[in-house]
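Report on the following structure.
In what follows, chains are A, B, ... by sequence order, proteins preceding strands, each numbered from 1.
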Protein chains: 2
Amino acid sequence: MRSYLHKRTSPSTPLARTKASITDLAQQLGVSVSTVSRALSDHPGISDATKKKVWKLAKELHYQPNHMAAGLRKGRSNLLGVLVPHIDGHFFTMIVKGIETVASKAGYNIMICQSNEDVAHERKNIETLLSAQVEGILVSMSRTTRDFRHFEKVRKQEIPLVFFDRVLDGLDVSAVVLDDREGGYQSTKHLIKQGCRHIAHFGGPQHLNIYKNRRQGYIDALLEAGLPLQEELIFYCDMTLEDGIRGMQQMLALPTPPDAVFSASDFSVVGALQELKRRKLRVPQDIALVGFSNEMFTSLTEPMLTSVDQRCEQMGQSAVRLFLEMREESSTTFSPRRVVLQPDLLIRESSLLLNGKQ
Amino acid sequence: MRSYLHKRTSPSTPLARTKASITDLAQQLGVSVSTVSRALSDHPGISDATKKKVWKLAKELHYQPNHMAAGLRKGRSNLLGVLVPHIDGHFFTMIVKGIETVASKAGYNIMICQSNEDVAHERKNIETLLSAQVEGILVSMSRTTRDFRHFEKVRKQEIPLVFFDRVLDGLDVSAVVLDDREGGYQSTKHLIKQGCRHIAHFGGPQHLNIYKNRRQGYIDALLEAGLPLQEELIFYCDMTLEDGIRGMQQMLALPTPPDAVFSASDFSVVGALQELKRRKLRVPQDIALVGFSNEMFTSLTEPMLTSVDQRCEQMGQSAVRLFLEMREESSTTFSPRRVVLQPDLLIRESSLLLNGKQ
DNA sequence: AAACTTTGTGCAACTGATTATGCAAACTTA
DNA sequence: TAAGTTTGCATAATCAGTTGCACAAAGTTT
């Protein structure tokens, strides 16, 4: 079937091939495949003359090493899976950038999946990543994820799993998170300092650590200042721009509307701003606003929005580092680790009352 | 741990393994690997009883099919490479979303790389994608790319290559592009209709089709209206926010400053807006503004910015479809194809002069 | 000159899955 | 019951690399 001189000449070869393989190089040079393999990876046991011959022909034939074959043999893929809810905003985009930097330095390529804030999608993505033989998975959960079963599978296969930003609460896993409580605390405290006394909060799904903690920070600051915690001043939603509009409408319909809003997301705070503008209310004089994430647009609105920076890039980098550590240690001795980053409150016009309230 | 029958007990096994392979299943069930393989893929030649046994054990052992092995054998990776300058803004993000949708329907996983607007990076990314054995590459060139050599390699390996949005001018390749000339033409014509007579243009590197064509549309509209083309009213830059500020400063320093700016990017038009605000000039009354890309923030600024929507999601989808077509046809008969999408001018406050100029 | 080292390369097994081919047992038909 | 079919599975080659080991030739030491 295959000619003994060149096994690829046969028309009955099942797979049409155009690319040159290591075998082709070996045959054309009259050396063994192992020699070619070693030459290509600059192995010390191969003479310079042979190496140069190999390199030369490799270039001529546009030889392209096959990662799948190498990975198969070496039991490695050099692939790192990244699973995020989306890459729409500034936050996850920057995290991905951070991940890419460190991962590529460590010789890893990354495979990005978006769950679109949907558990079903997330489950499918996990499958995809696993069958792609990724060596680790960095994940930020979707908003609709409330159980851990699909992640269990990753653990069972002893593949390092690192969460970042969003973690299912009370889960014993490795994670890089922001000190969200501190972020909420500082934001609220800042508003109190500006003279606000009736501070509302727009919060997200409370099964997610981030929203729960931001809310906790808000509460802590209120209580510390001796202010009452009023449940009617808290609006729970999915943190979209539209949710922000609805939240603001709801707040303004209260007998005593708030004089400030601390939103757990920049998107909903923009919605709030739009609603306030529509009603010709002044920001920050009538109602001060603070958001969360330091999205790019926060410095483009009028007034510019105060927001909490989440150290996205650093978060991505830390996540990869955590993965690299886990990889080194045996899975039996490794105990989940947590990295906590400090938030950075960026005070802009939307909350800056030079003379305080009233 | 593993029985002596099991060939993986040897301590000399080079690779520590935790995951079960098709061989493990076969041995534990006392059937051949081919049977397991066929059972897993629901081959008709396998009895239901055997299939059920296999599926059961596969679940128990958390069996995970190895895509690398299957891909190696089948000569397919089911991987589609995507190379974009960055995923910071709205534009490329949405394109990626469009790509993902269609690609995953066709059974492809995508591998995203960012060139960071840097040729060197782009070259490295191409290498990465090729060695990952992607079956096709969808690419939007970096701003600094001025030659085609690294793409030649892709062609030589007969891997379908589809450009989208940014293409090296005059290149005979498959591509999905926006009718940028039309976008520039409509934008400028709109400004003229609003009574503007001194329209400036912020343009990008002219070796890129997109900027060249937007500029051409601008020129066409001017000439059609009998307006003079004044080179001092054109500012070439890299289209960042900071460039927009500088461009606006330069324009305002002219003896006769413009009464409108058509910018080939939303980022630089925001810069222009900021500079105008700083100088207490009114938009659109003193100077009208039109941007390009319909970035999310264009509807958050004050005034909201008129911009040209680029049908990003559709662009991504079309790119994948083009790839799928190329895949079907033999590389010899295939001739490069081009898909041109129509832009959509979204008129907002920054260019809306109810009574015209003066 | 014999013994020992070093250098450069080939052999062959191996990675996990797919698939053409063959063959035995069970079933159907004449 | 003998011949022909169908069913269900095993054998073995194959994909493109990697790597432990063997081994010959050349160089070095005694």
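Screening residues 128-146 of chain B for salt bridge (Lys or Arg N to Asp or Glu O under 4.0 Å), with sequence neighbours left out, gives Arg76(B)-Glu135(B), Glu117(B)-Arg143(B). The list of salt bridge (Lys or Arg N to Asp or Glu O under 4.0 Å) pairs with a residue in residues 30-48 of chain A, not counting sequence neighbours, reads Asp42(A)-Lys51(A). A salt bridge (Lys or Arg N to Asp or Glu O under 4.0 Å) check over residues 103-116 of chain A, counting only residues at least two apart or in different chains, returns nothing.
Asn116(B) places no side-chain N or O within donor-acceptor distance of the main-chain N or O of Asp118(B), the cut-off being under 3.5 Å.
If you check dT18(C), dG17(D), dG16(C) against the side chain of Ala69(B), the one that comes closest is dG16(C).
Distance, Asp42(A) CG to dT18(D) P: 13 Å, rounded to whole Å. The separation between His43(A) atom NE2 and dG8(C) atom P is 11 Å, rounded to whole Å. dC14(C) atom P lies 20 Å from atom NZ of Lys74(A), rounded to whole Å. Distance Asn78(A) CG to dG17(D) P: 15 Å, rounded to the nearest Å. In this structure, Gln27(A) atom CD and dG10(C) atom P are separated by 13 Å, rounded to whole Å.
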Below 3.5 Å, can you tabulate the donor-acceptor pairs from side chains in residues 64-72 of chain B to any protein atom, sequence neighbours excluded?
unit_1, atom_1, unit_2, atom_2, d
Gln64(B), OE1, Gln157(A), NE2, 3.0
Asn66(B), OD1, Met68(B), N, 2.8
Asn66(B), OD1, Ala69(B), N, 3.2
His67(B), ND1, Ser131(A), OG, 3.4

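Between the side chain of Arg73(A) and the base of dT15(C) there is no donor-acceptor pair of N/O atoms closer than 3.5 Å.
Every side chain to side chain contact (heavy atoms under 4.5 Å, CB included) that Ala106(A) has, sequence neighbours left out, goes to Tyr108(A), Leu324(A). Every residue meeting the ring-ring contact (aromatic ring centres under 6.0 Å, His included) condition with His86(A), not counting sequence neighbours, appears here in chain and number order: Phe92(A). Checked against side chain to side chain contact (heavy atoms under 4.5 Å, CB included), Ser174(A) has the following partners two or more places apart in sequence or in another chain: Leu322(A), Met326(A), Phe334(A), Pro336(A), Arg337(A).
The C1' atoms of five pairs define one axis at each end of the helix from dA1(C)-dT30(D) to dA30(C)-dT1(D), and these two axes lie 40° apart (to 10°).
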Pairs under 3.5 Å (N/O, protein and nucleotides 7-9 of chain D):
unit_1, atom_1, unit_2, atom_2, d
dC9(D), OP1, Ser47(B), OG, 3.4
dC9(D), OP1, Thr50(B), OG1, 2.4
dC9(D), OP2, Ser47(B), N, 3.0
dC9(D), OP2, Ser47(B), OG, 3.2
dC9(D), OP2, Thr50(B), OG1, 3.2

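As judged by a 4.0 angstrom heavy-atom cut-off over every strand, Gln133(B) is placed among residues making no nucleic acid contact.
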